[in-house]
Amino acid sequence: MSKPRFYLTTAIAYPNGRPHMGHAYEAIASDVIARFKRLDGHEVRFLTGTDEHGLKIDQAARAAGMAPKDYVDQMVAPFRSLDEQLGISFDRFIRTTDADHKALVQALWQRMAANGDLYLGRYEGWYSVRDEAYYDAAELIEAQDAAGATVKLSPQGTPVEWTVEESWFFRLSAYQERLLALFDGQPDFIQPQSRFNEMRAFVAGGLTDLSVSRTSFDWGIPVPGDERHVMYVWLDALANYLTGADGSGRGGLDGEWWPADLHIVGKDVVRFHTVYWPAFLISAGLSLPKTVFGHGFLLNRGEKMSKTLGNVVDPAEMATRFGVDRLRWFLCREVAFGDDGSYSDEAIVERTNADLANGIGNLAQRSLSMVAKNLGGVMPTRAGAPGETEVRLKEAFLAGSEAYFGAMNGLALHKALDALMGMVAAANGYFAENAPWALAKTDVTRMAEVLAATLDATRRIVILAQPFMPASTAQLLDQLGVAEDAREFSGFNTAVDAGVQLPPPAGVFPRITLEG
RNA sequence: GGCAGCGUAGCUCAGUUGGUGAGAGCGCCGGAUUCAUAACCCGGAGGUCGGCAGUUCAAAUCUGCCCGCUGCUACCA
């Protein structure tokens with residue numbers, strides 16, 4: 001019997017600057033889901049990468065005196081190295097400048113054209129180079145420039161200029177009914193619910209055709225048959241998910257991984273993924289992704305990160321300072337997945353000390369060190385007939401693991417970790433209640449039973465924590481004597497055999513302080 | 001302006017269809033304990049549930065208005 005497949009993607013990053021916490025957050029959350037699915041018996045394909053075309057890159061490259069391709073080659077490096085540092089287990093790091101991607105996008109265009117959805121027209125309006133978007137006159141705001149003259153700015157406060165260009169259009173207006181049917185027939189297509197409501201309202205309000213080519217620059221994928229035009233960056237970018245679905249790298253539209261099970265994207269690009277993208281796919285006669293999840297933004301002490309405020313932090317530096325697994329844990333535990341979240345050095349220290357040092361780490365250390373000191377580090381035999389405390393522990397773990405899996409399958413990462421911490425509390429309660437350190441002087445057999453039960457509880461906790469903290473959990477499972485081929489969820493109920501010699505315990509999550 | 005959501009202990013949040021004394025985690029204080037990373041375990045303090053007015057025998061939970069915040073969307077200057 002073959003494994004069920006699961007194909008998930010992150011949005012691809014635009015490498016016109018250094019990666020920020022938002023990139024790290026999206027990559028980490030997606031990686032947690034990818035690892036969860038693998039441990040849960042799925043064959044997973046996990047795609048991430050960079051979106052490298054468009055006017056902004058073209059201009060930045062010119063400013064740097066470089067060819068665009070040389071420029072992006074250089075700019076992409078920090079994104080890749082950040083992913084590697086954070087332990088992101090992607091199967092492919094796609095770049096929209098990859099040859100197979102270019103071929104695929106052109107094939108996609110031709111399918112949409114063959115379906116009669118592309119036509120040549122003229123586009124004019126207020127265009128913001130920085131936003132790469134046109135705005136209605138009504139959306140613009142007025143401001144004074146340095147010389148005191150009145151200038152028009154986009155809603156984002158970027159300069160706009162009146163622009164007229166020939167453009168290919170996509171007949172998006174013809175897709176309103178089909179998109180509404182999609183939304184209504186598949187209410188979990190857009191998550192969380194609040195995003196679904198917004199997008200449904202947007203589509204219900206009527207759709208206008210979409211300009212999907214540009215003639216004002218040439219750093220992009222040429223339109224087949226009309227090479228004066230390059231394709232709209234979003235059409236180019238969205239298609240990366242199709243390119244990445246082809247494991248062979250041929251660039252065919254029939255990639256074996258398509259359709260994607262899950263697109264993880266930021267809340268700011270939900271519209272592109274839930275309105276434009278499905279319309280493009282329907283036009284091309286391709287099937288649709290199952291779910292698009294729009295996560296929230298990370299705020300630095302409750303404020304948006306901006307260069308102006310000077311509160312932009314480098315995720316690579318954060319990971320180095322606190323440790324990759326601490327950062328991963330904090331972001332998944334403290335931020336409700338789908339909502340905006342806030343972080344600070346203090347919050348990271350407090351949260352991870354409480355959960356990891358005092359919680360999981362201490363549980364492992366206190367039980368393992370008793371086994372090492374009292375039983376020569378040999379895994380003890382479990383209780384023959386479970387007592388009342390064992391029954392309660394078992395029940396707590398049954399409920400806890402059920403809550404964990406329910407939350408993970410519903411993409412509620414923070415709730416899964418809440419359930420996991422409930423299991424930690426139950427295990428610590430069991431340990432304190434039975435006081436094996438006292439039993440060591442009165443009833444060594446019973447002490448061994450208590451230790452065995454505690455170690456098994458710890459093993460279960462660590463097994464479930466693996467998607468979140470791959471490196472630390474591997475160390476802990478080593479210490480707990482769990483064989484490398486027994487770490488998937490299928491082995492969740494299989495205890496380590498009595499008699500196994502355990503390595504000497506060593507703390508995995510030391511307490512940290514801000515000064516340290 | 002319209003639509004949607006939110007505002008509950010210092011912090012992050014739970015609170016089904018209104019009904020026994022308003023909860024959890026973290027933080028804080030106290031106790032107990034010593035296996036453990038001054039950790040764990042037990043206990044405690046802290047809230048006029050944004051404000052006002054209603055409906056009801058009874059509202060954090062329903063209605064109206066107001067204040068504040070967020071998102072989507074429209075439009076006037």
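Protein chains get the first letters and strands the later ones, always in sequence-line order, with residue 1 at the start of each. None of the values given here were measured: they were computed from a predicted structure.
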In whole angstrom, what separates [X]'s [atom1] from [N]'s [atom2]?
X	N	atom1	atom2	value
Glu334(A)	C11(B)	CD	P	13 Å
Tyr430(A)	C35(B)	OH	P	18 Å
His414(A)	A14(B)	NE2	P	8 Å
Phe196(A)	C72(B)	CZ	C1'	14 Å
Asp418(A)	C26(B)	CG	P	10 Å
Arg446(A)	C35(B)	CZ	C1'	16 Å
Asn374(A)	C35(B)	CG	C1'	8 Å
Asn197(A)	C3(B)	CG	C1'	10 Å

Taking the cut-offs as 6.0 angstrom to the six-membered ring centre and 45 degrees off its axis, would you call [X] and [Y] a cation-pi pair?
X	Y	result
Arg178(A)	Tyr175(A)	yes
Arg333(A)	Phe468(A)	no
Lys290(A)	Phe189(A)	no

Which value, in whole Å, describes the distance between the [atom1] atoms of nucleotides [N] and [M]?
N	M	atom1	answer
U61(B)	G15(B)	P	15 Å
G21(B)	A58(B)	P	15 Å
G44(B)	G27(B)	C1'	14 Å
U70(B)	U12(B)	P	15 Å
U63(B)	U56(B)	C1'	12 Å
U16(B)	G23(B)	P	15 Å
A9(B)	A24(B)	P	14 Å
A14(B)	C75(B)	P	35 Å

(request) Specify whether Tyr123(A) and Phe169(A) have parallel, tilted or perpendicular ring planes, treating 30° as the upper limit for parallel and 60° as the lower limit for perpendicular. (result) parallel
Base, sugar-phosphate, or nothing: which does [X] touch, judged by heavy atoms less than 4.0 Å apart?
X	result
Gly361(A)	base
Glu350(A)	sugar-phosphate
Ser194(A)	nothing
Pro436(A)	nothing

(message) Looking at Lys373(A), I'd like to know whether one of its side-chain N or O atoms comes within less than 4.0 Å of OP1 or OP2 on A36(B).
(response) yes
(request) Compare all side-chain heavy atoms of Gln191(A) with those of Asp188(A) and state whether any distance is below 4.5 angstrom. (result) yes
(message) Could you tell me if the side chain of Asp261(A) sits less than 4.5 Å from the side chain of Leu8(A), heavy atoms only?
(response) no
(request) Between C35(B), A4(B), A36(B), spot the one nearest the side chain of Met370(A), thanks. (result) C35(B)
(message) Of the listed nucleotides (A36(B), G25(B), G71(B)), which one gets closest to any side-chain atom of Arg195(A)?
(response)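 Comparing A36(B), G25(B), G71(B) against the side chain of Arg195(A), the answer is G71(B).
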(request) Nearest-nucleotide wise, let me know which of Arg333(A) and Ala336(A) is further upstream toward the 5' end of RNA chain B. (result) Ala336(A)
(request) Take Asp339(A) and Met199(A), find for each the nucleotide of RNA chain B with the closest heavy atom, and name the residue whose nucleotide sits nearer the 5' end. (result) Asp339(A)
(message) Please tell me whether Tyr25(A) and His20(A) have a donor and an acceptor in their side chains that are separated by less than 3.5 angstrom.
(response) no
(request) Return yes if a side-chain donor-acceptor contact under 3.5 Å exists between Ser342(A) and Glu334(A), otherwise no. (result)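 Not at all, the side chains of Ser342(A) and Glu334(A) share no donor-acceptor pair under 3.5 Å.
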(request) Considering only NZ, NE, NH1 and NH2 on the basic side and carboxylate oxygens on the acidic side, decide whether Arg392(A) and Glu395(A) come within less than 4.0 Å. (result)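 No, Arg392(A) and Glu395(A) are not salt-bridged.
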(message) Assess whether a salt bridge exists between Asp478(A) and Arg487(A), defined as any Lys/Arg side-chain N lying under 4.0 Å from an Asp/Glu carboxylate O.
(response) yes
(request) For Gln479(A) and Ala506(A), indicate whether the former's side chain and the latter's backbone hold a donor-acceptor pair under 3.5 Å. (result) yes
(request) Go ahead and write out RNA chain B as dot-bracket, 5' to 3': ( ) for pairs within the strand, [ ] for ones crossing earlier pairs, | when the partner sits on another strand, dots for unpaired; Watson-Crick or G-U wobble, both distances under 3.5 Å. (result) (((((((..((((.....[...)))).((((.........)))).....(((((..]....))))))))))))....
(request) Specify the glycosidic conformation (syn or anti) of G46(B), with syn defined as within 90° of 0. (result)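 The base of G46(B) is oriented syn (glycosidic angle within 90° of 0).
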Extract from the structure each pairing of a protein N or O with an N or O of nucleotides 38-42 of chain B at less than 3.5 Å, listing the distance.
unit_1, atom_1, unit_2, atom_2, d
A39(B), O2', Asn362(A), ND2, 2.9
C40(B), O2', Arg366(A), NH1, 2.6

